[in-house]
There are 4 protein chains.
Amino acid sequence: MTTLSDSRMVERVLASFDRQNAMHLIRATMPVVRHGLTEIHVPHWDGIEQQHGFVHGGVVGMIADTAGGYAAMTVTPEDASVLSVEYKLNLLAPADGEKLIARGQVVRSGRTLIVTNAEVFAVRDGREIMCALMQQTIMVMHGKTEK
Amino acid sequence: MTTLSDSRMVERVLASFDRQNAMHLIRATMPVVRHGLTEIHVPHWDGIEQQHGFVHGGVVGMIADTAGGYAAMTVTPEDASVLSVEYKLNLLAPADGEKLIARGQVVRSGRTLIVTNAEVFAVRDGREIMCALMQQTIMVMHGKTEK
Amino acid sequence: MTTLSDSRMVERVLASFDRQNAMHLIRATMPVVRHGLTEIHVPHWDGIEQQHGFVHGGVVGMIADTAGGYAAMTVTPEDASVLSVEYKLNLLAPADGEKLIARGQVVRSGRTLIVTNAEVFAVRDGREIMCALMQQTIMVMHGKTEK
Amino acid sequence: MTTLSDSRMVERVLASFDRQNAMHLIRATMPVVRHGLTEIHVPHWDGIEQQHGFVHGGVVGMIADTAGGYAAMTVTPEDASVLSVEYKLNLLAPADGEKLIARGQVVRSGRTLIVTNAEVFAVRDGREIMCALMQQTIMVMHGKTEK
């Protein structure tokens, strides 16, 4: 069941995502936003490749970091903003597929710090193959609404 | 003094970097390649911004990871290639400046694993302000030359 | 169902754990060893405390690292040994309880590298409270049996 | 030149270290405490070994984490305490020597968060061999003096 407060939260998160030019640059979208969870999708296209024709590891890290950050934003008050303090990413397999999906989730939510993780999958012939795993620390800035 | 083997190494590293479409996409260049060290530069332009007009943290991570990886490549044999196994990045300050510089360095070089770090600086009015710090593990694939 | 090869694996892992003096020093035991999974338990006693009477974060990290490493060992061939390359640990809550449980699991298993994670719980009045989360990279050394 | 405020800071840090039973358990001392820097020393003795007779990686991580945390404490106000949020540790070489030295340093100091690093060295025949490298995030709790 989606509540009114949920739909305001989703709107707030999507509005922020939409202001990130860098996400547009790589053609990322965020089709899933739920309490404690987001998904960022990126189609495979030549502009984001590395030298072997796979998606660049930097792009994998970029969507993992962003999916985790927005997952954190889904659980913070309206008058707060979030800041990515640090993250650690393991690259498990080449990002080889028709598209990538980064799934960010809140693991532990405190007043000041939120810990998230993200898994990145390459979708190949309809199958999801995990290609990266991230663990991240987010800081909540209370009273600092995003404009 | 630059030796012949150095200049071949620099050529090899720059040729690989040049094949990374994702680096072109964000307008990154690699003006510094030395034994154990590389620098990636990115001008500040609107396509790589996040919602507050700073350079996106994902782009900061992308050039840190890449600078560290190529620093590792400068110390590996010609018939080897390198793979980014994992990295950990702390974001220290907003990437607010006319351009970014990621400086990657080899910390410890083993036969199979190389540990690097990278510092990312925002250049503002000619001053370098450190905005991110990375620690990274690279795997060396012997006998797997990059085409 | 436990197979013969499982019971040899469990024996091999427990024999290695038993040779780690540092695990005896903190009074750690490893009551759970299964394919891809281990558990290390430590009772709360005053010798492993920090200044506020909780278990020291360093001890939490120690059992997380070790549980992840042995989880990796459960999936490697008999003539191989494992090496902890690096790990990243988030401390989520004070380690406040009658005992600690570190649960290590294999996330991805390759020929040379294995990625694991570990969760550490404080057991308080029979409830498990997660107090730390780790992501780790393990290297497999083939042909290097532990003596 | 040591100022009065420095000597109070050193006293405060050493008093806290001295209340950590776990540091006594492994026979650690902290002979160096300066603004932004600490050193923890541990003699090699059999109680802290792993199965090959080297110092256990968990002990290496324990003193790296603690040295970084106390380095942070040297730069915080008297009425504040510090909390280790997370750290990432690369193990570079076996901890093989007569003693270990963990050197913790403040890299970036903010009001709420402090980033540190630590290097751990094995001292063998008077030479220091780097065996681990850590990057850490510390949270400052203002108005929460340690008792």
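Just so it is clear, the model here is predicted, and its values are computed rather than measured. Just so we're on the same page: letters track the sequence lines, and every chain starts at 1.
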Quick one: pull up [atom1] in [X] and [atom2] in [Y] and give me the separation to the nearest 0.5 Å.
{"X": "A/Glu86", "Y": "B/Leu133", "atom1": "CD", "atom2": "CG", "answer": "11.0 Å"}
{"X": "B/Gln51", "Y": "A/Arg19", "atom1": "CD", "atom2": "CZ", "answer": "6.5 Å"}
{"X": "A/Gln20", "Y": "B/His52", "atom1": "CD", "atom2": "NE2", "answer": "9.0 Å"}
{"X": "A/Tyr87", "Y": "B/Leu91", "atom1": "OH", "atom2": "CG", "answer": "6.5 Å"}
{"X": "B/Leu89", "Y": "A/Gln136", "atom1": "CG", "atom2": "CD", "answer": "10.5 Å"}

Evaluate B/Met62 against A/Val59 for side chain to side chain contact (heavy atoms under 4.5 Å, CB included), listing each step before the verdict.
CA-CA 7 Å; B/Met62 202 166 160; A/Val59 172; 3.8 Å; yes
Surrounding CZ of A/Arg34 (heavy atoms of other residues, nucleotides or ligands, distance under 6.0 Å), is the total greater than 12?
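Not buried by this count: 12 neighbours or fewer within 6.0 Å.
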Could you tell me if the side chain of A/Leu25 sits less than 4.5 Å from the side chain of B/Leu25, heavy atoms only?
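In contact.
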Check: B/His56 and A/Met23 side chains under 4.5 Å, non-hydrogen atoms
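They are in contact (side-chain heavy atoms under 4.5 Å apart), so the answer is yes.
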Find the one option among [options] whose heavy-atom pairs under 4.5 Å with chain A are most numerous.
{"options": "B/Asn90, B/Asp65, B/Leu92", "answer": "B/Asn90"}
{"options": "B/Met134, B/Glu49, B/Gln50", "answer": "B/Glu49"}
{"options": "B/Gly57, B/Gly53, B/Ala64, B/Ser84", "answer": "B/Ser84"}

Does any N or O in the side chain of A/Asn21 come within less than 3.5 Å of the main-chain N or O of B/Asp46, such that one atom is a donor and the other an acceptor?
yes
Taking side chain as everything from C-beta outward and backbone as N, CA, C, O, which of these in A/Ser16 sits under 4.5 Å from a heavy atom of chain B? Side chain, backbone, both or neither.
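Contact with chain B: backbone and side chain both.
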